[in-house]
Structures are given as C-alpha cells and as structure tokens.
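Notes follow the structure.
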Amino acid sequence: MRKKPLRSLSGRRDFELVFEEGISSASQHFVIYARLNDLGFDRLGLSVSKKIGAAVIRNRIRRLLKEAVRKIVGELSLNYDLVIVAKRSSKEGTLDDFVRVIRRFLFKFTRENAVISQG
RNA sequence: AGAGCAGGAGGAGUGGUCGCCCGCCGGGAUAUGCAGUCCCAGACGGGAGGAAAGUCCGAGCUCAGCAGGGCAAGGCGGUCGCCAGCAGCGACUGGGGGAAACCCCAAGGAAAGUGCCACAGAAAGGGAAACCGUCCCGGCUUUGUCGGGACAAGGGUGAAAAGGUGAGGUAAGAGCUCACCAGUUGGGGUGGCGACAUCUCAAGCUUGGUAAACCCCGCCUUGAGCAAGGUCGAAUAGGUUCCGCCUUGAGAGGGGCCCCUUCGAAUCCCUUGGAAGCCUCAGGCCGAGAGGGAGGCGGAACGGGUUGAGACCGCAUGAGUCCGGCGGCAACGCCGGGUCUUAGAUGAAUGACCACAUUACACAGAACUCGGCUUACAACCUGCUCUGACA
RNA sequence: CGGGGCGUAGCGCAGUCCGGCUAGCGCACCUGCUUUGGGAGCAGGGAGUCGGAGGUUCAAAUCCUCUCGCCCCGA
C-alpha cells in the first residue's frame with residue numbers, strides 16, 4: 001500500500017504537542033522530534049532560523065531535509081508527526097548525512113513503539 | 001600570457017526516474033439535474049533574478065482625512081531638456097584631478113544677521129594688532145641702553161595674517177599715489193533659450209574661511225500602508241455596558257427557514273398601577289403611565305479572538321518588450337508591425353539521483369505592482385593601464 | 001510592512017548633541033616595591049585602523065552620504 005503524501009505541520013499547538021509528547025534526538029546537523037499520529041498521513045514541521053543563513057541557504061536545507069524525510073517515511077508503515085530544527089552546521093550536511101541519521105532514529109523509535117503496543 | 005580598473009552581458013544545458021506548487025482537462029462522492037463543495041495515486045501545460053537583495057528614493061493602488069491660507073517639521077538646490085514621477089537620465093556650463101585618453105563634484109546665498117576658527121602667534125575678523133624689527137625725538141654710564149612716538153615693508157607663528165610686481169614718495173614706511181596684472185561690485189556691447197563666455201567703461205582701491213553650523217532665498221511634501229482594503233460566511237463566541245426609539249392581533253397558504261402573498265406573518269409576558277375619558281349610587285368599561293424581564297432597530301463605549309473558523313476578491317498585461325521607420329547630439333518621443341508576453345504561494349512551491357558533452361563552479365530565491373538608485377558577483381566580451389616573453 | 005538602538009583597549013562603558021584638549025574610566029594584563037611565599041596595597045607601564053569606504057572642513061570617534069554586522073519593538 002502506498003502512503004498518502006507528506007503534509008506540513010502548522011500552528012504552535014501542533015509543534016508544542018510534538019515537543020512535549022514526542023521524543024527527541026540531537027545530531028551534528030539538526031535536532032529531530034517525533035511522535036505517532038493516527039491521521040493516516042505523515043506531517044513534517046521544519047524550523048530553519050534566519051541565523052543559519054540567507055534565503056538560498058535556508059531553502060537548500062529545507063529541501064534536503066524534506067527529501068530525506070520523504071525517502072524514509074515511505075519505508076515505514078506507521079504515521080508520524082516530525083519536527084526538525086536546523087542548526088548552524090546544517091549547511092554543511094549532505095542528503096546522505098540527513099538520510100542516515102533520520103533513518104536510524106525513526107527505525108529505533110518505531111521498534112520501541114512496537115514493543116510497547118505488544119506489551 | 002598574466003594582473004588591476006571601468007563598462008557590457010549574465011543562460012547551470014540536454015535526456016531519463018522519483019517528488020512539490022499552480023492552471024486546465026478528466027474521474028469519483030453529495031444532489032433529480034445544474035451550480036457549489038469535497039476526494040483522486042490519471043493526462044497536458046506552466047513554474048524565481050539581473051540584481052528577485054538592501055529598503056535609499058519616486059509613483060500606482062486602497063482606506064482615513066481635507067474650504068482656503070499661514071506656521072512648524074522634513075526634503076531638494078548650476079542651466080536647458082527628458083520622464084507619470086524622482087534624490088533618476090541626457091546634453092551643456094562652471095569648478096577640481098590628470099601628461100593625455102578621460103574621470104570626479106549636495107555646484108543658490110558668507111556684501112541680510114548670529115555663532116565658531118583649537119594650539120601657536122603681537123594680532124584670527126574689530127579697518128584689529130608692535131614680539132623680533134625699521135625710523136624719528138629725548139635722557140644717560142654713547143659701537144650701547146632706557147623712555148616717548150611714527151610705521152604694517154621684512155622676519156617669525158599658523159590651515160589662513162588683509163591683493164601681486166615695478167616706480168614714485170617718505171625720517172622710515174604703507175593703495176599713500178601711479179602703471180600693469182588678479183579679483184569684487186555696478187553699467188554697457190557681442191554670442192548663447194539659458195547656466196555662462198568674451199570685450200569694454202567706471203568705482204572704492206581689496207571687502208578671510210565655515211551654510212554636510214544656525215540661518216536666508218527658491219521649489220516640493222496630508223497620513224497610513226496589501227496584516228491596505230472589500231465581499232461572503234460560522235459560532236458552547238451572532239459578546240458586554242450605556243443611551244434613544246419601538247414591541248398592535250385570532251389565524252391561513254407557499255417554498256431550500258428567511259423571505260413572499262396578505263390590512264396584518266420574528267415578536268410579548270409578569271408585577272404594580274388604576275390617569276384622562278365614558279357609564280355610574282356602589283361599581284364597571286377602558287388600559288394611559290411606572291418598574292422589571294425578554295425581544296427588535298439605531299447609536300456610542302469596551303471586550304473576546306493571532307493559543308488555527310475561515311474562504312474568496314485584491315493578485316499578476318504593465319508608464320511592458322522586440323523589430324522597422326521618422327524626429328532629436330543624446331536621454332527620449334511619435335508612427336507601424338510582432339502566434340514577444342504563461343510564477344502567484346499563504347506553515348509558504350523549483351528538489352533528489354543517474355547519464356552525456358574535458359565541467360556544472362559567481363552573487364544569489366518572488367510575497368501588491370512598477371520606475372530608479374545602491375550594493376554583491378565566476379567564466380565570457382569590449383576598452384585602458386602595468387608586468388613578463390618573443391620578433 | 002513600519003519604527004528604534006548599538007558597534008571605541010582582552011571585557012564592560014564614557015566621550016559624539018555643540019568638530020580641535022595626549023581618545024579617557026573600571027576590571028583584566030605586564031614590571032617593580034612590599035611579604036618567607038601568596039593575596040591585598042603602593043608606584044610605573046603596555047595595549048585602540050573609534051565596524052568599513054568615501055566626502056565636507058585648516059582639522060572628523062564627533063558632521064554628511066553609502067555600506068557591513070548585531071539587537072529590540074509594533075501591526
């Protein structure tokens with residue numbers, strides 16, 4: 001079965017829900033927060049501050065992160081709300097870096113949730 | 001060949017696979033149907049820039065305000081022209097730099113007034129000022145020194161010291177006088193639309209700098225901004241408070257629920273009270289008025305709401321651009337022609353990977369629109385300068 | 001979209017309005033004295049392209065224009 005397309009996370013309420021209920025993981029290039037949802041599709045919120053760089057650099061980071069999440073989420077059956085906060089070093093990351101980190105985090109997160117739902 | 005400076009031009013191409021935004025077509029759901037709304041994994045088309053940037057100016061557009069004039073505040077400042085307009089552009093004038101090509105200039109007024117000009121210097125703007133000096137007179141202890149006076153030449157100080165050179169003149173000097181030169185003001189001639197240039201006459205002989213100091217003169221400026229503003233809609237959220245006015249009726253029909261038809265169609269109740277009038281012995285008829293509540297309409301004030309109830313319009317063809325002709329030194333204008341014109345989001349779209357050309361690499365990402373200015377920049381093209389090599 | 005502020009020694013600030021004075025103050029730093037040694041104290045000293053570029057002026061941290069970076073506020 002093919003998943004419905006990725007949507008944007010919007011509003012302070014949704015973001016805070018992910019920050020409070022979800023779990024987080026920090027890596028060299030960004031911080032990622034995640035929680036499960038039951039909406040039938042995945043949602044992604046990106047926070048790329050103006051401090052990180054000019055518009056072209058910020059767009060580049062956003063698009064790479066979006067592409068990385070899109071690739072990984074297709075491999076998983078559950079639905080997630082994700083928030084990724086970029087760091088100053090994000091501009092040095094490549095797509096492969098992002099994919100590797102997000103995949104490891106999400107696979108681990110999914111495994112833990114599977115254990116909980118079984119137990 | 002390399003480097004530097006200035007200008008021009010600035011397209012990361014083609015083909016695949018996956019993905020995003022918009023438009024349109026198609027399919028599905030709701031409905032008798034249409035419209036509308038929602039869903040789609042389908043097809044087709046389109047999808048950042050010369051600076052999209054900085055937000056430094058100017059406009060369009062929208063709302064609010066506005067009789068006219070003045071003050072205040074701010075901006076602009078050679079002339080003529082161009083432009084919708086500008087602090088923009090073109091040509092010219094004047095000034096400055098340079099050997100030259102050429103480049104640069106916020107370029108009205110300091111003889112309206114006020115302020116300021118540190119330090120140094122005798123004196124810094126008062127026709128002022130005597131430090132070293134020059135000259136004259138007088139005293140004394142006579143190669144000198146002291147006192148009084150004249151002098152703006154020379155020295156010295158300073159960013160700047162009150163025209164320059166020569167002659168006359170004098171005790172010594174001085175625009176004190178004269179000639180020439182420079183400059184100022186005024187008059188006149190010639191050229192130019194004009195800024196101005198040039199020639200000439202006269203005057204007093206000379207009047208420092210600073211207005212990116214206050215200021216004066218001339219010209220310009222209403223304010224806020226697309227979160228402007230408009231239309232439609234929902235509600236445990238059609239709010240609260242105050243003021244004014246209104247609240248008379250049994251009932252019937254139609255439809256998509258609020259309108260139509262109709263004299264009347266959202267719409268009254270409780271308590272108190274018992275005016276006037278009428279009948280009347282009592283009393284009654286009638287139901288004004290007052291208070292409270294509820295409702296309707298209008299107005300004012302205050303909230304709630306950005307912590308997602310909004311959607312749509314504004315919102316994409318414009319003072320556009322290219323070609324040709326004509327006018328103009330040019331900026332630009334006029335005329336004709338062009339199957340030249342295609343982003344439009346709203347948690348916000350252009351991405352990823354592969355292949356191919358020796359290789360993909362500057363600055364950089366639309367948010368109401370347009371005209372400028374400024375700043376950033378790889379390879380490429382043009383010009384100039386420098387260095388090196390060869391002939 | 002609109003408005004405001006800051007940038008001066010390693011750090012925190014003054015001076016800027018109204019131009020000129022050796023660009024100053026505190027902490028820190030260095031040297032010496034003092035002490036058995038350290039601290040404190042005393043004396044002396046070093047360190048500044050005044051964010052950058054250009055302009056006005058005799059003269060600019062200060063005035064004007066452009067520009068870079070940082071911070072804050074309102075709708």
Side-chain angles (χ1 to χ4, degrees):
Chain A
M1 175 197 143
R2 186 160 178 174
K3 294 186 87 171
K4 291 191 175 178
L6 198 63
R7 291 203 189 177
S8 287
L9 202 60
S10 69
R12 183 194 279 244
R13 180 182 292 171
D14 287 347
F15 272 79
E16 285 186 348
L17 207 63
V18 177
F19 288 144
E20 287 165 17
E21 296 187 2
I23 66 161
S24 69
S25 168
S27 68
Q28 183 188 354
H29 296 307
F30 53 85
V31 183
I32 183 165
Y33 296 80
R35 68 182 278 269
L36 293 170
N37 74 43
D38 51 3
L39 297 169
F41 48 84
D42 301 296
R43 295 191 298 177
L44 173 64
L46 291 170
S47 172
V48 186
S49 150
K50 215 167 185 177
K51 286 181 182 176
I52 290 168
V56 172
I57 294 168
R58 297 201 305 274
N59 276 339
R60 175 77 184 163
I61 294 167
R62 262 202 302 271
R63 286 162 181 164
L64 287 179
L65 286 173
K66 198 171 159 189
E67 177 69 16
V69 169
R70 196 181 64 83
K71 279 189 169 184
I72 294 156
V73 145
E75 302 169 3
L76 298 165
S77 53
L78 297 173
N79 296 121
Y80 305 90
D81 283 347
L82 301 172
V83 174
I84 298 179
V85 180
K87 290 160 79 170
R88 219 176 266 272
S89 59
S90 297
K91 55 189 157 200
E92 285 133 29
T94 64
L95 182 65
D96 287 340
D97 293 339
F98 295 164
V99 167
R100 196 165 50 246
V101 173
I102 296 170
R103 173 177 283 132
R104 192 162 55 218
F105 169 74
L106 273 185
F107 274 42
K108 187 183 173 199
F109 177 61
T110 305
R111 211 161 40 238
E112 285 171 358
N113 275 280
V115 168
I116 288 166
S117 60
Q118 281 170 7

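These numbers come from the heavy atoms of this one structure, side chains and all, not from hydrogens, waters or symmetry mates. Sequence lines set the chain letters: A, B, ... in the order given, protein chains first and strands last, and positions in each chain run from 1.
- Of the nucleotides present, G4(B) is the one that pairs with C384(B) by Watson-Crick or G-U wobble criteria, both distances under 3.5 Å.
- Residue V56(A) has its side chain nearest to G365(B) when only C20(B), G351(B), G365(B) are considered.
- Using P as the reference atom, G77(B) and A316(B) are 40 Å apart when rounded to the nearest Å.
- Distance check on atom P: C368(B) versus A362(B) gives 30 Å, rounded to whole Å.
- Rounded to whole angstrom, the span from the CZ atom of R62(A) across to the P atom of U350(B) amounts to 9 Å.
- Rounded to a whole Å, the CZ atom of R58(A) is 13 Å from the C1' atom of A364(B).
- Within 4.0 Å of A54(A), counting heavy atoms only, lie sugar-phosphate atoms of the nucleic acid but no base atom.
- On the P atoms, C137(B) is 42 Å away from A159(B), given to the nearest whole Å.
- Atom pair I57(A):CD1 and U350(B):P shows a separation of 17 Å (rounding to whole Å applied).
- To the nearest 0.5 Å, atom CD1 of residue I61(A) and atom NZ of residue K87(A) are 12.5 Å apart.
- Atom P of G33(B) sits at a distance of 32 Å from the matching atom of C21(B), rounded to the whole Å.
- The NZ-P distance, from K50(A) to A53(B), rounds to 11 Å in whole Å.
- Backbone-only engagement by L64(A) is indicated by non-hydrogen atom pairs under 4.0 Å involving sugar-phosphate atoms exclusively.
- N59(A) places no side-chain N or O within donor-acceptor distance of the main-chain N or O of V56(A), the cut-off being under 3.5 Å.
- Remark: C63(B) base-pairs with G223(B). Criterion, Watson-Crick or G-U wobble with two distances under 3.5 Å.
- Applying the Watson-Crick and G-U wobble criteria (two distances, each under 3.5 Å), C50(C) pairs with nothing in any strand.
- The distance between atom CG of L46(A) and atom P of U346(B), rounded to the nearest whole Å, is 16 Å.
- When the C1' atom of G365(B) is taken as reference, atom CD1 of I61(A) falls 14 Å away, rounded to whole Å.
- Side-chain proximity of R70(A) to C20(B), G351(B), G365(B): nearest is G351(B).
- For A294(B), the base adopts the anti conformation, since its glycosidic angle falls more than 90 degrees from zero.
- Figure legend. G81(B) is base-paired to C89(B); pairs are counted as Watson-Crick or G-U wobble with both atom distances under 3.5 Å.
- For A59(B), the base is anti relative to its sugar; the glycosidic angle deviates from 0 by more than 90°.
- Positionally, the nearest nucleotide of RNA chain B for S47(A) lies more toward the 5' end than for the other of K71(A) and S47(A).
- The partner of G194(B), taking Watson-Crick or G-U wobble pairs whose two distances both stay under 3.5 Å, does not exist in any strand shown.
- Spacing of P atoms, A330(B) relative to G7(B), comes out at 23 Å, to the nearest Å.
- Taking atom CD of residue E67(A) and atom C1' of nucleotide C354(B), one finds them 14 Å apart after rounding to whole Å.
- Applying the Watson-Crick and G-U wobble criteria (two distances, each under 3.5 Å), U358(B) pairs with nothing in any strand.
- U382(B) and U374(B) have their P atoms separated by 26 Å, with the value rounded to a whole Å.
- For F98(A) against A68(A), the heavy-atom pair with the smallest separation is CB-CB, 3.9 Å.
- To the nearest 0.5 Å, the span separating CG on L106(A) from CD1 on I72(A) amounts to 6.5 Å.
- Separation of the C1' atoms belonging to C226(B) and C1(C) is 9 Å when rounded to the nearest angstrom.
- Taking a pair to require two hydrogen-bonding distances under 3.5 Å in either a Watson-Crick or a G-U wobble arrangement, C263(B) remains unpaired.
- Within the 4.5 Å cutoff, the side chain of Y33(A) has no heavy atoms near those of the I23(A) side chain.
- Rounded to whole Å, the separation between the C1' atoms of G68(B) and G60(B) comes to 29 Å.
- Between I102(A) and I84(A) the shortest side-chain heavy-atom distance falls below 4.5 Å.
- Distances shown here put a side-chain N or O of R63(A) below 4.0 Å from the OP1 or OP2 atom of U350(B).
- Against the 90° criterion about 0, the sugar-base torsion of G175(B) places it in the syn range.
- Between the P atom of G47(B) and the CG atom of N59(A) lies a distance of 19 Å, rounded to the nearest Å.
- For the residue pair L64(A) and L95(A), the shortest heavy atom distance occurs at O-CD1, 3.4 Å.
- Nucleotide A53(B) is matched to U374(B) when pairs are restricted to Watson-Crick or G-U wobble geometry with both distances under 3.5 angstrom.
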